[in-house]
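Here's the structure, in C-alpha cells; my notes come after.
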Amino acid sequence: QLQLVESGGGLVQPGGSLRLSCAASGFSLHAYTIAWFREAPGKEREGVSCITDYDRRSRFGDSVKGRFTISRDNGLNTVILEMHTLKVEDTAVYYCAAVGDPPSGICMLVDDGRYHYRGQGTQVTVSS
C-alpha cells in the first residue's frame, strides 16, 4: 500500500521550533517532488514548501520564508520540514503530498489535484 505518513507535530510556544517528517512506504521517493501544505480552521489551504528530487530545488510560501527549511533523504525515504521562529498563525494541520518530478523542474505550492499521494496530516499548535 502506497502511503505518506507525517510525524513530529505538537504544541510549541511562539518562537519555538518543530521538525516534521514525511515518510513514504510502499514506494520510493526517488524522482518524486514532495510538498508540504497546511490547513487551519477558517483559512484557505496554504502551500508551505516543496522540493524536487532531480536537483533538490525548493520553494517556500511567503509566510514561512526565512523561518522554514526543507530537506530530503532518499535513503530513508523521508522529507523533513524544519520550522523555526514559530508564530501563532502557523497553527494548522500540516500534510505532505507527492507527485513525479515536473518537467519544468519547478515544484508547485498549489494542491489542485496534481499531487497524487497525500498523508493524513499532523497537528501543529503554536500557543503560549
Side-chain angles (χ1 to χ4, degrees):
Q1 186 177 2
L2 308 182
Q3 277 189 317
L4 292 173
V5 179
E6 303 90 344
S7 62
L11 174 64
V12 64
Q13 291 186 342
S17 299
L18 279 177
R19 186 174 186 263
L20 303 185
S21 295
C22 171
S25 63
F27 71 107
S28 168
L29 289 182
H30 174 67
Y32 276 87
T33 285
I34 303 299
W36 285 93
F37 297 91
R38 66 187 184 186
E39 292 183 335
K43 296 184 180 179
E44 291 188 0
R45 183 179 302 165
E46 181 181 5
V48 176
S49 182
C50 57
I51 184 169
T52 64
D53 182 52
Y54 176 69
D55 59 1
R56 308 299 169 96
R57 191 180 303 186
S58 61
R59 296 180 66 192
F60 296 88
D62 289 341
S63 62
V64 306
K65 281 180 182 176
R67 300 188 296 123
F68 291 11
T69 63
I70 190 170
S71 60
R72 60 190 299 156
D73 185 336
N74 283 4
L76 295 177
N77 229 21
T78 298
V79 172
I80 301 295
L81 181 71
E82 297 209 27
M83 308 185 296
H84 302 285
T85 319
L86 283 162
K87 305 176 181 179
V88 172
E89 51 264 41
D90 292 318
T91 296
V93 174
Y94 287 70
Y95 68 95
C96 59
V99 67
D101 272 348
S104 66
I106 301 173
C107 58
M108 302 302 291
L109 289 174
V110 177
D111 189 11
D112 56 359
R114 70 185 68 210
Y115 286 91
H116 301 153
Y117 306 113
R118 293 174 185 80
Q120 291 300 307
T122 185
Q123 176 69 46
V124 171
T125 302
V126 185
S127 175
S128 55

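Keep in mind that the numbers below use all heavy atoms, side chains included, and drop hydrogens, waters and symmetry copies. The first residue in the sequence is number 1, and the count goes up from there. The model shown is predicted, which means the values in this text are computed figures rather than measured ones.
- Once rounded to the nearest 0.5 Å, the distance linking OG1 of T69 with CD of E82 reads 4.5 Å.
- At distances below 3.5 Å, not a single donor-acceptor pair connects side-chain atoms of S21 with backbone N or O atoms of A23.
- For Y117, the ring-ring contact (aromatic ring centres under 6.0 Å, His included) test picks out F27, with sequence neighbours left out.
- Note that the SG atom of C96 and the CD1 atom of I51 stand 13.0 Å from one another [nearest 0.5 Å].
- Taking all atoms of both residues into account, the shortest heavy-atom contact from T33 to C107 is CG2-CB, 3.5 Å.
- In this structure, the separation between CZ on R45 and CG on D112 is 10.0 Å, given to the nearest 0.5 Å.
- Among residues at least two apart or in separate chains, side chain to side chain donor-acceptor pair (under 3.5 Å) pairs with a member in residues 9-20 are S17-H84.
- I80 and F60 are members of different hydrophobic clusters when ILVMFWY side chains are connected at heavy-atom separations under 4.5 Å.
- Residues V12 and Y94 fall within the same hydrophobic cluster, defined by Ile, Leu, Val, Met, Phe, Trp and Tyr side chains chained together at heavy-atom separations under 4.5 Å.
- With rounding to the nearest 0.5 Å, the separation of CG in L81 from CZ in R72 is 13.5 Å.
- When every heavy atom of A40 is checked against every heavy atom of T91, the shortest pair comes out as CB-O, 3.5 Å.
- When side chains are defined from C-beta on, Y95 does not count as touching R38, because their heavy atoms never get closer than 4.5 Å.
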Checking V79 against L29 for the side chain to side chain contact (heavy atoms under 4.5 Å, CB included) test, could you report, in this order, the C-alpha distance in whole Å, the side-chain angles of both residues, the deciding distance, and whether it holds? CA-CA 9 Å; V79 172; L29 289 182; 4.1 Å; yes

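- Here L4 contributes atom CG and I34 contributes atom CD1; the two are 6.0 Å apart, rounded to the nearest 0.5 Å.
- Using a cutoff of 4.0 Å between basic side-chain nitrogens and carboxylate oxygens, D90 and K87 are not scored as salt-bridged.
- Taking the side chain as every heavy atom from C-beta outward, L18 and V124 approach each other to under 4.5 Å.
- The backbone N or O of L11 lies less than 3.5 Å from no partner atom in the side chain of T125, so there is not a single donor-acceptor pair.
- Looking only at atom types and distance, the side chain of D73 has no donor-acceptor partner in the side chain of T78 under 3.5 Å away.
- Taking both residues in full, the closest heavy atoms of V88 and P14 are given as CG2-CG, 4.1 Å, listed atom of the first, atom of the second, then distance.
- A 4.5 Å side-chain heavy-atom check between K43 and E89 finds at least one atom pair inside the cut-off.
- In terms of heavy atoms, Y115 sits closest to M108 at OH-O, 2.6 Å.
- Put simply, CZ on R59 and NZ on K65 are 8.0 Å apart, with the number rounded to the nearest 0.5 Å.
- Between N77 and S28, the closest side-chain pair of non-hydrogen atoms falls below 4.5 Å.
- Residue Q120 qualifies as open at atom CD: its count of foreign heavy atoms under 6.0 Å is 12 or below.
- Residues passing the side-chain hydrogen bond (donor to acceptor under 3.5 Å, both in side chains) test with S49: none are found, sequence neighbours excluded.
- For the pair V48 and L109, the minimum side-chain heavy-atom distance is 4.5 Å or more.
- In this structure a side-chain-to-backbone donor-acceptor pair under 3.5 Å is missing from Q3 to S25.
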After noting the C-alpha distance and the side-chain angles of W36 and L20, does the key distance pass the side chain to side chain contact (heavy atoms under 4.5 Å, CB included) rule? CA-CA 10 Å; W36 285 93; L20 303 185; 3.7 Å; yes

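- Taking each heavy atom of S58 and I70 in turn, the nearest pair found is CB-CG2, 3.6 Å.
- In this structure, Y32 and D101 approach most closely via the heavy-atom pair C-OD1, 3.5 Å.
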